Amino acid sequence: MPSPSTVDWSGARRLLRRLRDLMAAGTAAEERLNQTVRLIASDMVAEVCSVYIMRAGEVLELFATEGLNPEAVHKTRMRVGEGLIGDIAAHARAIAASDAWSHPNFSYRPETGEDLFRSLMGVPIMRGGRVAGVLAVQNKAQRLYTDEELETLETVAMVLAELIASGDLVNPSEAILADATAIVPRRLDGLRLNAGLAIGTALLHSPRVTIRQMVAENPAEELERLKTAVAEMHSQLDTLLTGSDVMASGELQDVMESYRMFAQDRGWLGRIREAINTGLTAEAAVQKTQNDMRARMREVTDAYLRERLLDLEDLTGRLLTHLSGAVLDTSEMPPDAIVFARAMGPAELLDYDRAKLKGLVLEEGSATSHVAIVARALDIPVLGRVTDVLDRVETGDQIVLDGDNGQVFVRPGQDVLDAVRHSMQAKAELKLRYAATRHLPAMTRDGQSVELLLNAGLLIDLAHLEETGAHGIGLYRTEIPFMVRSSYPNVATQTEIYRKVLEAADTRAVTFRTLDIGGDKALPYFDAGEDENPAMGWRAIRIGLDRPIMLRQQVRALIRAAVGRELKVMFPMVATVEEYVRARSLLDEELTRAEDRHEPMPERIKVGAMLEVPSLMWQMPQLLSRVDFLSVGSNDLLQFLFAWDRGSPRLSDRYDTLNPAVLAFFDDLVRKARAASVPLTLCGEMAGRPLEAMMLLGLGFRALSMTAAAIGPVKMMTRSLDARQLRPLLDQVMHRPVASLRGTLRNYARDRGIVL
Ligand code: PEP
Ligand code: MG
């Protein structure tokens, strides 16, 4: 391609201005389209110029032509992917073929009379990342189209996209039906980050800027506007990097990465300037570059390169926002918004009106990303890693989000809508049944009282206490408020957080777990380094003991927050009694300090350890005599028992929680804790699964801590279970050489009418 400075774009600009005048004339849309193809054909010295528009069902229909048989208009239709025109639409990429007949995708349509034309140059008509049609010119002779001609045709296609979007040619509701990237199925798969179902209206997190004017009056002015917007964007990024707005490390790194990329990518800005030189406004030029980039992105399979292109896309969006002065206005949210974003920080999600937020779909995201944690607390379904979803969804599209099965349906058919409504209704009914058990005691049929507790980490979680009728908070993950902050919270801030938690819990007990960071839980302002096996690395109490100031400050805040009431504290990932003893003595030092200063004190203090590392099992006598309670963190415990990395997709179904070894382990534990009269709780995920909870109650657990949504189902199971009757079965099966007791236990429950 010639260097930008040597290209004379005056011809392209002249064509665009004529096109603009043509568009501005008040003639009917079809007529404008006919005049356009005539104008382009004569200007580009082509015998043929045709426009194909995407219709419902992913079909391209000939809408206007100069040079082909006029009878073929509205008759010639081709599927996306069929022939050269279909190929352009399928891949959203231009084709310039001097010998179209020898092109592998050539498909001959006799009704058009195109057998006379040897060469073809076509470009996709893109709108909002979708293919809305194809614009093509053809010549009889074998002609080599130049890069400038291709560029000009692409620019013209931008203007045509606006004409199509006006809705005067094709009914807009039909245009919506035509899924534009066409090759893309309407059901998209992703990674389940939070379960649940939602029907709603798509809302793109970065709103797509509507460009009102495509053709520039004065390119010099547009270049100046671009310069100003770029400067503004630079300065906003600087603030973002240094300011306190950035909530999470991941986000910070993203921005920095994009920033660096931007600084290096002169080519990107150069391409935008070039597009302005062809006669587009600055906004239209940015959008054109974005279209080109998206087309390139479809071809790129290398993960790293894709990431970089996505970063650039992000910047393009930012630049457009600066140019148009558009800002995200969450007040105009639809009442049933399903937000779509590439990636998002937790604070950004909380900017949305919670009453109207029904779901979240991300192109990126992982189970431990902060936005996923917040979304779980908001109890909305969340899907991550949905490839290219932003290219396939428009604000306003109807959406079915099936978090349970990791799928999102864009503009779903009636059958999907019916099925999902049905299942949502069934869930709602079930929820009502659970709600009805709220005030009923969690007691087994044989009269054993069970404590059902809540796992929490954000203040919003606490609302669930009342609504579920939970007895208290069995696990308050203190690291979560740390994770959503941009800097380390000092003692006063921490005190305030813990005080609010205790206030919300009212008379109910709260068990605070000291910081469990490291592993997969990173703090933006604390470098825990990198371990080869993070789950077994420098994390939790190991960090607390190596950074005693951190642990002491946290304990100090907890003591201050619990003035006049009971304080329950437990330490995570304790592997040796000695670790527990050291942690407890740090706590005792803080108590002494507070006493020495005559500070008001908690009424009572209970200190416990989490059983997450199997080694503790063989130190029970020493441990049990020193703790006030024990809490089993079964998520970690099971991964260490089986040497089973739960994060590994290849191993996700490898072992069953209902393996006899787990029963035998817990059986032993319950006996030991009971003999020492030490209260025992289990607070891992399995506590919230009715069948697993049934097994735990059968073994003798009497306190389980779980997510809010699990309380209802587990209570219904509890109330239908005779725990004493189950015991002999457990004794019998506990040592069987099988991989799972799931079937056996399920049959038992079914035969005795235990509600699972
Ligand atoms: C556990 O490991 O079971 C637990 C409750 O802790 P977390 O899930 O926070 O690691
Ligand atoms: Mg754990």
Side-chain angles (χ1 to χ4, degrees), residues 193-194 366-370 372-374 376-377 451-458 461 470 472-484 501 510-523 528 531 533-544 554 568-575 579-580 583 608-617 629-648 652 655 657-659 662 665-666 669 680-689 692-693 695-696 701 703-711 714:
L193 298 183
N194 199 29
S366 68
T368 48
S369 61
H370 303 156
I373 292 171
V374 174
R376 270 199 289 274
E451 258 189 285
L452 298 183
L453 304 156
L454 209 62
N455 289 351
L458 284 171
D461 290 332
I473 295 180
L475 167 65
Y476 184 84
R477 292 180 161 108
T478 57
E479 63 277 5
I480 296 195
F482 278 67
M483 282 162 72
V484 295
V501 173
V510 178
T511 305
F512 289 97
R513 169 176 76 188
T514 61
L515 274 186
D516 183 6
I517 51 171
D520 60 350
K521 296 174 203 163
L523 298 184
D531 286 306
N533 282 311
M536 295 196 269
W538 197 51
R539 57 172 284 205
I541 198 62
R542 298 168 185 181
I543 296 183
Q554 182 172 36
K568 282 182 92 175
V569 182
M570 63 183 180
F571 304 114
M573 280 285 289
V574 174
E579 281 177 343
Y580 172 77
M610 284 187 81
L611 173 54
E612 301 187 280
V613 184
S615 60
L616 270 193
M617 199 57 178
F629 64 93
L630 261 191
S631 186
V632 182
S634 56
N635 303 341
D636 275 313
L637 178 68
L638 289 187
Q639 79 166 334
F640 299 135
L641 266 184
F642 289 104
W644 173 24
D645 181 349
R646 289 171 306 123
S648 161
S652 60
Y655 302 103
T657 326
L658 292 173
N659 180 292
V662 178
F665 186 96
F666 287 153
L669 176 66
L680 182 65
T681 307
L682 187 140
C683 62
E685 293 302 312
M686 64 185 290
R689 294 198 286 265
E692 276 84 340
M695 176 272 285
L696 293 169
F701 275 90
L704 302 174
S705 193
M706 62 200 77
T707 54
I711 300 255
V714 172

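Computed from a predicted model, the values in this text were never measured in an experiment. Every number for a ligand or one of its atoms is a count from 1 in the order of the listing. All residue numbers refer to positions in the sequence shown, counting from 1. Atoms considered below: every heavy atom in the structure, side chains included; atoms not considered: hydrogens, waters and symmetry mates.
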Next on the checklist: Applying side-chain hydrogen bond (donor to acceptor under 3.5 Å, both in side chains), can you list everything that pairs with Ser631, at least two apart in sequence or on another chain?
Outcome noted: none
Next on the checklist: List the residues meeting side-chain hydrogen bond (donor to acceptor under 3.5 Å, both in side chains) with Asn455, not counting sequence neighbours, and say none if there are none.
Outcome noted: Ser705
Checklist outcome for this item: So the protein N/O/S atoms within less than 2.8 Å of the Mg ion (ligand 2) come down to Glu612 OE2, Asp636 OD2
Checklist entry - Counting only N and O atoms by type, is there a donor-acceptor contact under 3.5 Å from the side chain of Gln554 to the main-chain atoms of Leu515? => result yes
Checklist entry - Would you call Arg542 and Asp531 a salt bridge, using N to O less than 4.0 angstrom? => result no
Which N/O atoms of ligand 1 sit under 3.5 Å from a protein N/O, and at what distances?
from, atom 1, to, atom 2, distance (Å)
ligand 1, 2 (O), Glu612, OE2, 2.8
ligand 1, 2 (O), Asp636, N, 3.0
ligand 1, 2 (O), Asp636, OD2, 3.1
ligand 1, 3 (O), Gly633, O, 3.4
ligand 1, 3 (O), Ser634, N, 3.1
ligand 1, 3 (O), Asn635, N, 2.7
ligand 1, 3 (O), Asn635, ND2, 3.3
ligand 1, 6 (O), Arg513, NH1, 2.9
ligand 1, 8 (O), Arg477, NH2, 2.9
ligand 1, 8 (O), Asn635, ND2, 2.9
ligand 1, 9 (O), Arg477, NE, 2.8
ligand 1, 9 (O), Arg477, NH2, 3.3
ligand 1, 9 (O), Arg513, NH1, 3.1
ligand 1, 9 (O), Arg513, NH2, 2.8
ligand 1, 9 (O), Lys521, NZ, 3.0
ligand 1, 10 (O), Asp636, OD2, 3.2

Item to check | Tyr476 side chain to Gly457 backbone, donor-acceptor under 3.5 Å | outcome: yes
Checklist entry - So, Glu685 and Ser634: side-chain donor and acceptor under 3.5 Å apart, yes or no? => result no
Next on the checklist: Take a 6.0 Å sphere around CE of Met536 and say whether it holds more than 12 heavy atoms from other residues, nucleotides or ligands.
Outcome noted: no
Checklist entry - Salt bridge between Arg539 and Asp516, side-chain N to carboxylate O under 4.0 Å? => result yes
Next on the checklist: Please verify the inter-ring angle class for Phe642 with Tyr655; under 30° counts as parallel, over 60° as perpendicular, anything in between as tilted.
Outcome noted: parallel
